[in-house]
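Right, one structure below, let's go through it.
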Amino acid sequence: MNKEELIERANLFVKDTLSDEPTGHDWWHIKRVVGLSEQIASKEGGDLFKIKLIALLHDIADYKLYEDEKEGVVKLKNFLNSLLPDQPLREAILKDINAISYKGANVAIDELSKEGQIVQDADRLDAIGAIGIARAFAYGGNKNRSMHNPEEKPKQHQSFDEYKKSKGSTINHFYEKLLLLKDRMNTETAKSIATKRHVFMENYLEQFYKEWGV
Ligand code: ADP
Ligand code: NI
């Protein structure tokens with residue numbers, strides 16, 4: 001199977017698996033992350049085949065999508081085993097995908113390849129700005145979280161476990177993740193896009209509190 005065919009197979013697999021996903025990891029998120037990754041790579045370089053594959057598959061094994069966390073990992077491994085005979089490449093891709101997701105404010109960062117860094121930046125860009133705000137409220141609604149609770153102080157988590165268990169309001173999610181992302185971009189290209197999206201979120205919060213009456 002050539003690289004183009006493999007990307008097409010990955011496209012179909014991901015579209016099929018994530019089309020009805022309600023927590024902000026839907027197919028359109030994946031499409032945006034692929035597009036942003038390509039945009040960043042056009043300035044920063046990197047192997048486009050690897051970048052596209054990581055971008056397409058980065059949320060397939062996400063712990064939030066399954067009752068049993070291991071289910072997603074098995075699904076991802078089976079897919080890669082069936083299509084990609086190059087074992088070192090398979091392992092490199094799995095390692096990057098595992099390292100991409102955000103695990104909490106004060107949790108140590110896993111090492112990523114250049115391609116993994118680009119996809120992580122793209123994924124994080126899609127979590128901030130106008131779309132990031134929409135995704136956060138969609139996620140909060142799906143999990144029955146309150147929109148805002150002025151009596152609840154935001155937390156900066158010390159471990160991934162603590163972050164995973166957090167059931168705070170969606171406004172608090174801005175402080176535990178969204179507002180921290182602009183300083184955690186790997187590439188200069190993503191930093192510059194993130195700066196604009198960050199300002200938009202700050203303005204949004206200012207208006208939100210004004211309307212809330214504080
Ligand atoms: P990504 O797919 O970008 O790695 P996540 O898997 O962490 O992001 O989450 C998917 C989307 O849901 C993101 O936009 C994220 O900010 C949002 N989200 C995750 N956890 C929460 C939460 N506790 N409250 C509100 N939104 C959340
Ligand atoms: Ni994602």
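Order of appearance sets the numbers: ligands from 1, and atoms from 1 within every ligand. Since we're looking at a predicted model, the values are computed, not measured.
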Take H148 and F208, measure what ring pair (Phe, Tyr, Trp, His ring centres under 6.0 Å) needs, and give me the verdict at the end. CA-CA 10 Å; H148 177 46; F208 186 97; 5.6 Å; yes

For ligand 1, indicate whether the residue K167 contacts it via side chain, backbone, both or neither (heavy-atom separation under 4.0 Å). neither

By atom name, which N, O or S atom belonging to D123 lies closest to the Ni ion (ligand 2)? OD1

Ligand-residue contact atoms, ligand 1 with R145, heavy atoms, under 4.0 Å: 22 (C), 23 (N)

Angle, NE2 of H29 through the Ni ion (ligand 2) to OD2 of D59 - 10° precision: 90°

Would you mind listing which atoms of ligand 1 come within a distance below 4.0 Å of any non-hydrogen atom of H25? 2 (O), 5 (P), 6 (O), 9 (O), 10 (C)

What N, O or S atom of H58 is found closest to the Ni ion (ligand 2)? NE2

What atoms of ligand 1 come closer than 4.0 angstrom to any heavy atom of D59? 2 (O)

Answer with side chain, backbone, both or neither: which part of R124 has a heavy atom less than 4.0 angstrom from an atom of ligand 1? neither

What atoms of ligand 1 come within less than 4.0 Å of a heavy atom belonging to R135? 2 (O), 3 (O), 10 (C), 11 (C), 13 (C), 14 (O)

Under a plain distance cut-off of 3.5 Å, with no hydrogens placed, do D96 and H58 share a side-chain donor-acceptor pair? no

Report, in ascending order of atom number, the atoms of ligand 1 lying under 4.0 Å from any heavy atom of E176. 23 (N)

Between the candidates M147, H58, K177, which shows the shortest non-hydrogen contact distance to atom 7 (O) of ligand 1? K177

So which bit of L178 gets within less than 4.0 Å of ligand 1, heavy atoms only: side chain, backbone, both or neither? side chain

Going by atom types only, do T187 and D121 share a side-chain donor-acceptor pair under 3.5 Å? yes

Does E44 offer a backbone N or O that forms a donor-acceptor pair with the side chain of K114 under 3.5 Å? yes

For the NZ atom of K77 and the OG atom of S82, what is their distance to the nearest 0.5 Å? 14.0 Å

Separation between OG1 of T195 and NZ of K182, rounded to the nearest 0.5 Å: 7.0 Å

Measure the distances from the heavy atoms of H29 to every atom of ligand 1 and state whether one is below 4.0 angstrom. yes

Answer whether the closest heavy-atom distance between the side chains of L36 and Q39 falls below 4.5 Å. yes

Using side chain to side chain contact (heavy atoms under 4.5 Å, CB included) as the criterion, point out the one residue from L76, I30, I100, V33 that pairs with D59. I30

So with a 6.0 Å cut-off around CD of Q207, is the heavy-atom count from everything else above 12? yes

Can you list the atoms of ligand 1 that are under 4.0 Å from a heavy atom of D123? 1 (P), 2 (O), 3 (O), 4 (O)

Assess whether atom CD of E5 is packed by more than 12 heavy atoms of other residues, nucleotides or ligands within 6.0 Å. yes

Between S101 and ligand 1, does any nitrogen or oxygen pair lie at a separation below 3.5 Å? no

